[in-house]
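Keep in mind it's a predicted model, so treat the numbers as computed, not measured. Hydrogens, waters and symmetry mates play no part in the numbers below; they use all other heavy atoms, side chains included. To find a chain, count down the sequence lines: A is the first, B the second, and so on, and within it residues start at 1.
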Number of protein chains: 2
Amino acid sequence: MADDRESLLGELTRVAVPGWAIRVVQLNSVVAARLGVTDTDVQCLHVLDLYGPATPGALAKRVNLTTGAATRMIDRLVAAGCVRRVPDPGDRRRVLVEPTKEGVERASAAYAGLVARTREDLADFSDDELRTLLRFMTAAERSTAAEVQELQ
Amino acid sequence: MADDRESLLGELTRVAVPGWAIRVVQLNSVVAARLGVTDTDVQCLHVLDLYGPATPGALAKRVNLTTGAATRMIDRLVAAGCVRRVPDPGDRRRVLVEPTKEGVERASAAYAGLVARTREDLADFSDDELRTLLRFMTAAERSTAAEVQELQ
DNA sequence: ACAAATTACTGCGTGATGCAGCGAACTGAG
DNA sequence: CTCAGTTCGCTGCATCACGCAGTAATTTGT
């Protein structure tokens, strides 16, 4: 029965939520504590990592904050040495927020352990299986993003 | 080059963090807003879902809160109709927190959309591929948990 | 040239959290 | 049985993140 497709599907979705969801949030928290910033700030760093430098307004949208809250978030990240404010040459109202070299290093250091563990896990999989995993992860990322979009 | 194993590994870890991690946190937030509770409260609901009823002290440990903060968290969840306080018959100091039927229903309703999308995504995979995915997800969940344990 | 929109930033109130301390209940040594 | 020590959940107080509303600077459109 454990090999029945339906129970496979159920198990799989259950490992993802709540199983993995809990861990991701927990990991975000401990990484945030390690960097000396809040959980929201780590989310912001991830956004910067994924999409590159952005204005405070754009960051506010992506992490679901008001522009006022984004200003303080950036203040904290600047104080922690993780990001830097750069004036936009094309529009003097705007400010571009970009991660500092030190910020990138400290963030990747915080995730080094997990990356190492994941590499070990992935060593047990063939190239074809890796492609299968990537195919699913990409689809899941897109689906989750779409669901977020729809719900809010 | 995109089929090179090393770049496959890099892409895979990158889709997971920061890619998917961002989405999971965002989804937690919108679900929390929908249920009328905070992000932390949703994390608590996930813990209850995964491990079953627990005392406030145990919940505090799992969501990284003090017992004082846990008390208020449970107050909020009770007020929102998501959980219930049940006296422990064996130890009159203790209180067991368990999800209410209504809480479980509302939570699963909030995730119904994502579950449906994920089912659609998974329809493209064979049974063998599903087993591969489950094998990886399980390993990844365990690795992330271990990493959290070590970091904090 | 000038009004309207956009952008980032600043007081103020609200609320979640940590810290410290409380009473109640359990445990174990004598 | 007694009673000191421990554990458990809960309550003031201070701190800090956030939303809301308003401001100054800049850009855009007419």
* side-chain N/O B:T40 vs C:dA16 OP1/OP2, d < 4.0 Å -> no
* Structure fact -> Atom CG of A:L77 and atom P of D:dC18 are separated, to the nearest Å, by 10 Å
* When all nucleic acid strands are considered with a 4.0 Å heavy-atom cut-off, which category describes A:N64: base, sugar-phosphate, or nothing? -> sugar-phosphate
* Asked: Using the ring of each side chain (for Trp, its six-membered ring), is B:H46 parallel, tilted or perpendicular to B:Y111, with breaks at 30° and 60°?
  -> tilted
* Asked: For DNA chain D, whose closest nucleotide is more 5', that of B:R94 or that of A:R93?
  -> B:R94
* To do: Using the closest heavy atom to pick a nucleotide of DNA chain C for each, name whichever of A:G68 or B:D91 lands nearer the 5' end.
  => A:G68
* When only distance counts, do a donor and an acceptor, one from the side chain of B:T55 and one from the base of D:dC8, lie under 3.5 Å apart? -> no
* Asked: In terms of side-chain heavy atoms of A:R72, which of C:dG11, C:dA8, C:dG18 is nearest?
  -> C:dG11
* Asked: In whole angstrom, what separates A:D39's CG from D:dC16's P?
  -> 16 Å
* Does a salt bridge link B:D41 with B:R72, judged by any charged N lying under 4.0 Å from a carboxylate O? -> no
* Expressed in angstrom and rounded to an integer, what is the separation of A:D88 atom CG from C:dT6 atom C1'? -> 13 Å
* Side chain B:R92 and base C:dG23 donor-acceptor under 3.5 Å -> no
* Please give, in whole Å, the distance from C:dA16 P to B:L65 CG? -> 12 Å
* Asked: Does B:F125 have A:R135 sitting over its ring (NZ/CZ under 6.0 Å from centre, angle to axis within 45°)?
  -> yes
* Asked: For A:R76, which contact category applies under a 4.0 Å heavy-atom criterion: base, sugar-phosphate, or nothing?
  -> sugar-phosphate
* Take the protein atom CG of A:D75 and the nucleotide atom P of C:dG11, then report the distance between them rounded to whole Å. => 12 Å
* To do: Salt-bridge test for A:E141 and B:R14: reply yes if a basic N is under 4.0 Å from a carboxylate O, no otherwise.
  => no
* Would you kindly give the CD1-to-C1' distance between B:I74 and C:dA16, to the nearest whole Å? => 15 Å
* From the list C:dA25, C:dA8, C:dT17, which nucleotide is the closest neighbour of the side chain of A:T71? -> C:dA8
* Asked: Between B:D39 and B:S29, is any side-chain donor less than 3.5 angstrom from a side-chain acceptor?
  -> yes
* To do: Report which part of the nucleic acid A:T67 touches: base, sugar-phosphate, or nothing (heavy-atom distance under 4.0 Å, all strands).
  => base
* Minimum-distance nucleotide to A:R85 side chain [options: C:dG18, D:dA17, C:dC9] -> C:dC9
* Asked: In whole angstroms, how far is the C1' atom of C:dA16 from the CD atom of B:Q43?
  -> 16 Å
* Asked: What's the NZ-C1' distance between B:K61 and C:dT17, to the nearest Å?
  -> 18 Å
